[in-house]
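What you see is a predicted model, and the numbers here were worked out from it, not measured in a lab. Chain naming here is simple, since letters A, B, ... match the order of the sequence lines and numbering starts at 1 in each.
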Amino acid sequence: MADPKDELPPRRRGQLRRAWDAFWSPTGVLSTGFLLIAGFIGGILFWGGFHWSLELTNTEEFCTSCHTMETNLGEYRETIHYNNHSGVRAICSDCHVPHEWQYKMKAKIMAVKDVYHELLGTISTPEKYEERRLEMAAAVWKKMKATDSRECRNCHAFEYMDFTIQEARAADSHQKAIDEGMTCIDCHQGIAHDLPPGYLQEYRHVVETLAQTERGGRERQIDVAQIKTYLGIEAD
Amino acid sequence: MISTLDLLGTIGASVLGLPGILGVALGMMTRNWIVAAVMGGIVGVIAPLLLGGSHSTHVAISGAEYAIAIVVGILAGLVGTAVRHKGASI
């Protein structure tokens, strides 16, 4: 007598399982050359598409497409980085997104928090925005101080400055900055957005926190003292 | 001490950068798990040296950045050799 199990139709395997097996099976119809060329072209298309999409997220239109970015945009449009005699414009990504690949990717991944807070409505009203302004500014200052104002230096460099055609005050300040090892953000905190009340104390706090956490604390303490002197704040 | 967001960003950047991509590619070149992990780890050391910092500033690359790149490189190497084991008979 036949085993009843033998009479059952063979169990159909799931589509996912079959696709997985097919993915790992040797191809019987494609040559190695075909697979290599197809893989190479596919890689170029994928990488080009990825990079293109990434660049789209660097545009001003993309950055300011969220409702909460309207305040920043309005302030920025009043600054020299938006309109100036030379016709060179720095957009959001020029100051907030690094050029170097790994830091750019890091910035893009970390920017997910901006989408999260947009959805939560953390700064959805002018009142909420003002409440958080100092905190948001401090986060950017911290990043800029820690990276020696990396994004500023994509366009600006002390080495390229002609102090003879700068205003006397600017030339003196830049010379002092070189002599004392300061960085752009030490003086230019409000270069593109309005400054909140108490910003100087907050900046001092940012500098001190960084000095404590970074290696080579001793060197940094000297730096903090110099900045305090420059800002006209009494050293502790 | 880096924040969670900072940590996730650094890991993601390593995965999409040289340690992740070259690590997998090198791992696919061997069936030996240890060799794959070592090659991935070496890429993890070299990547921050080659690509870390920036052209305009002289900020030291942090130990955390190195550590994350090495761990990602090792894991990528292991993934690469797993692909070799699963998808190739040689």
Quiz item: Can you tell me how far CE of M110(A) sits from OG1 of T4(B), rounded to the nearest 0.5 angstrom?
Solution: 10.0 Å
Exercise. State, to 0.1 Å, how close L8(B) and I109(A) come at their nearest heavy-atom pair, and which atoms those are.
Key: O-CG2, 4.2 Å
Quiz item: What part of F23(A) gets closer than 4.5 Å to chain B, counting heavy atoms only: side chain, backbone, both or neither?
Solution: neither
Quiz prompt | CZ (F163(A)) with more than 12 external heavy atoms under 6.0 Å | solution = yes
Quiz item: Is the shortest heavy-atom distance from the side chain of E65(B) to the side chain of Y103(A) under 4.5 Å?
Solution: yes
Quiz prompt | L51(B) backbone acceptor or donor facing W101(A) side chain under 3.5 Å | solution = no
Self-check item: Residue V83(B) versus chain A: region with a heavy atom under 4.5 Å
Solution: both
Quiz item: Just wondering, more than 12 heavy atoms not from K142(A) lying within 6.0 Å of its NZ?
Solution: no
Quiz item: Under the criterion side chain to side chain contact (heavy atoms under 4.5 Å, CB included), which of I11(B), L16(B), D6(B) is the partner of K106(A)?
Solution: D6(B)
Quiz item: Under 6.0 Å from the CG atom of L49(B), do we count more than 12 heavy atoms belonging to anything else shown?
Solution: yes
Quiz item: Considering only heavy atoms, which portion of I21(B) lies under 4.5 Å from any heavy atom of chain A: side chain, backbone, both, or neither?
Solution: side chain
Quiz item: Does CD1 in I44(A) sit with more than 12 non-hydrogen atoms of other residues, nucleotides or ligands closer than 6.0 Å?
Solution: yes
Quiz item: Hey, does the side chain of Q102(A) reach the backbone of S14(B) with a donor-acceptor pair shorter than 3.5 angstrom?
Solution: no
Self-check item: L5(B)/K113(A) under side-chain contact (heavy atoms from CB on, under 4.5 Å): CA gap, chis, key distance, verdict
Solution: CA-CA 8 Å; L5(B) 195 62; K113(A) 77 172 187 311; 3.2 Å; yes
Practice problem: Determine whether more than 12 heavy atoms belonging to other residues, nucleotides or ligands lie under 6.0 Å from atom NE2 of H85(B). | Solution: yes
Quiz prompt | Whether over 12 other heavy atoms sit under 6.0 Å from M105(A) CE | solution = yes
Quiz prompt | Crowding at CH2, W24(A) (>12 non-hydrogen neighbours, <6.0 Å) | solution = yes
